[in-house]
Amino acid sequence: MIRHLLFTYPATISLGLVALVFVVDLCLPLGVASAVPYTFAVLLALSARPWWFGPAVAAVCGVLTFLKMGLVPERGTTEMWKVIVNRCLALFSITMTLFLGLLRRKAAAERARAEEQVREHQADLAHVGRLTLLGQLSAGLAHELNQPLAAVCLQADIAARQAEPGAPVQPELKGILAEIAEQAARAADIVRSIRRMARRAEPVTDPIDVNEVARSVAGLLDWHAGRSNVALRLDLGGVPGPTYGDRTQVEQVLFNLVQNAIESIAERGTGPRTVTVSTSTGPDGATVTVRDTGTGLADPDRVFERFYTTKPNGMGLGLAISRSIIEAHGGHMRATGTADGAEFSFTLPVARKESS
């Protein structure tokens with residue numbers, strides 16, 4: 001209770017203490033160094049605002065220390081030189097208390113500034129890290145946006161041909177226009193996701209249902225799989241609950257894996273042509289697996305290295321960025337070679353969203 005009052009009303013209590021010490025000093029013989037308790041009032045005043053209040057109280061205490069000698073001339077049995085020495089010692093105590101208190105307050109202010117600079121430096125480092133990742137993402141941005149934009153152009157061209165004068169209106173026109181809108185919206189989501197990474201913003205923590213993500217990606221790439229004569233299959237299991245993060249980023253990771261699988265099968269040419277996307281539940285969380293019958297993996301341990309690629313026109317960033325996104329969500333990604341292709345999987349922890 002007392003500590004709370006001292007920190008809440010330091011100015012009022014320090015002035016009250018000055019008055020109390022002065023009254024007590026008036027009632028005691030001059031030889032007694034009763035002015036020394038002024039130091040407590042000065043210490044308390046130094047914790048008050050504004051900054052000049054502490055020095056002002058110290059000055060008042062110094063004046064009152066010698067003022068008492070004029071108000072009460074009798075000095076009792078103490079010799080005058082001893083009285084003056086006692087007063088000077090009291091004044092010295094007040095001055096040193098003020099000096100040490102100001103040094104302490106200056107040190108505390110410098111420490112607070114240093115801590116603030118450390119926090120700002122940490123924030124800058126985090127921002128630089130996001131910008132570094134953004135630089136890597138920008139290199140692969142054209143590749144990532146190429147698919148939705150190519151789909152928009154293709155579907156728009158088909159729609160334009162069906163809408164030519166004299167051409168019969170096909171029932172697929174409505175679906176084609178819906179596909180254009182969906183692909184355009186997806187391209188916009190990718191751009192927004194990258195913009196969030198570039199600026200100093202809190203990460204998105206929306207609920208993510210991996211089964212819904214798998215269905216969405218399958219719908220987006222169904223046309224690409226069909227053009228490549230690849231069967232795209234879903235094998236969705238039950239998951240205990242949603243994970244939390246940026247759905248667009250997780251969707252883009254799965255999109256990249258399925259797209260790579262389709263391209264791997266197209267590169268192989270002959271043999272089985274199947275891509276299977278499956279979800280399952282394990283002790284670590286919800287796992288999404290992409291299995292293909294493509295060319296396989298010559299070196300599974302290097303596929304996540306930056307700038308490592310087996311594609312003639314590849315940049316070697318897609319899988320590296322995908323793994324960094326999954327790890328940023330608290331998960332992990334793996335790659336293994338199979339007898340007839342390759343298998344990529346990532347696991348996201350299933351957890352409750354933290355309450356703010």
Side-chain angles (χ1 to χ4, degrees), residues 143-155 158 172 174-190 193 206-239 241-243 245-268 271-282 285-295 318-319 321-323 325-326 329 331 333-335 338 340-348 350:
H143 174 70
E144 300 295 343
L145 290 177
N146 180 63
Q147 293 299 332
L149 295 180
V152 169
C153 294
L154 175 64
Q155 300 294 341
I158 296 174
E172 295 86 1
K174 184 176 181 180
I176 291 173
L177 296 176
E179 178 72 14
I180 291 175
E182 186 175 0
Q183 293 288 352
R186 180 172 172 272
D189 286 340
I190 293 174
S193 178
D206 294 327
I208 303 173
D209 186 336
V210 293
N211 285 345
E212 286 296 326
V213 171
R215 294 189 189 96
S216 176
V217 170
L220 292 172
L221 286 174
D222 184 65
W223 67 275
H224 185 32
R227 290 182 62 189
S228 302
N229 196 24
V230 174
L232 181 55
R233 300 176 180 174
L234 294 179
D235 181 16
L236 306 182
V239 292
T243 186
D246 191 321
R247 177 191 168 105
T248 300
Q249 291 184 5
V250 175
E251 186 177 281
Q252 192 63 20
V253 169
L254 183 56
F255 185 94
N256 188 44
L257 295 179
V258 176
Q259 179 179 265
N260 287 346
I262 295 174
E263 292 175 353
S264 177
I265 294 175
E267 182 181 348
R268 181 174 184 175
R273 307 177 70 81
T274 304
V275 175
T276 303
V277 180
S278 60
T279 60
S280 61
T281 302
T287 300
V288 182
T289 303
V290 178
R291 188 180 297 106
D292 66 66
T293 57
T295 57
L319 291 176
I321 293 172
S322 296
R323 185 173 66 171
I325 289 175
I326 295 301
H329 283 73
M333 179 177 285
R334 300 168 298 278
T338 62
D340 58 350
E343 179 180 296
F344 288 85
S345 62
F346 62 86
T347 300
L348 294 172
V350 176

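Everything numeric here is computed off the predicted structure, so don't read it as measured data.
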Looking only at heavy atoms, which two atoms of [X] and [Y] are closest? And how far apart?
| X | Y | value |
| --- | --- | --- |
| V288 | V277 | CG1-CG1, 4.3 Å |
| R273 | S228 | NH2-O, 2.8 Å |
| P272 | I265 | O-CG2, 4.3 Å |
| L236 | A214 | CD2-CB, 3.8 Å |

Side-chain ([X]) to main-chain ([Y]) donor-acceptor, under 3.5 angstrom:
| X | Y | answer |
| --- | --- | --- |
| D292 | T274 | no |
| T293 | D340 | no |
| H329 | D246 | yes |

Just checking, any donor-acceptor pair under 3.5 angstrom between side chains of [X] and [Y]?
| X | Y | answer |
| --- | --- | --- |
| E251 | S216 | yes |
| R291 | T276 | no |
| T279 | N211 | yes |
| S345 | T287 | no |

Close side-chain approach of N260 to L319, heavy-atom, < 4.5 Å: yes

Side chain proximity check, V253 to M333, heavy atoms < 4.5 angstrom: yes

Quick one: pull up [atom1] in [X] and [atom2] in [Y] and give me the separation to the nearest 0.5 Å.
| X | Y | atom1 | atom2 | answer |
| --- | --- | --- | --- | --- |
| F346 | I326 | CZ | CD1 | 4.5 Å |
| T295 | E263 | OG1 | CD | 10.5 Å |
| L257 | Q252 | CG | CD | 10.5 Å |
| S264 | Q259 | OG | CD | 12.5 Å |
| I325 | N256 | CD1 | CG | 9.0 Å |
| R334 | F344 | CZ | CZ | 12.0 Å |

How about R233: does its CZ atom have over 12 heavy atoms from other parts shown lying under 6.0 Å from it? no

Run V290 and E343 through side chain to side chain contact (heavy atoms under 4.5 Å, CB included) and show every step you take. CA-CA 6 Å; V290 178; E343 179 180 296; over 6 Å; no

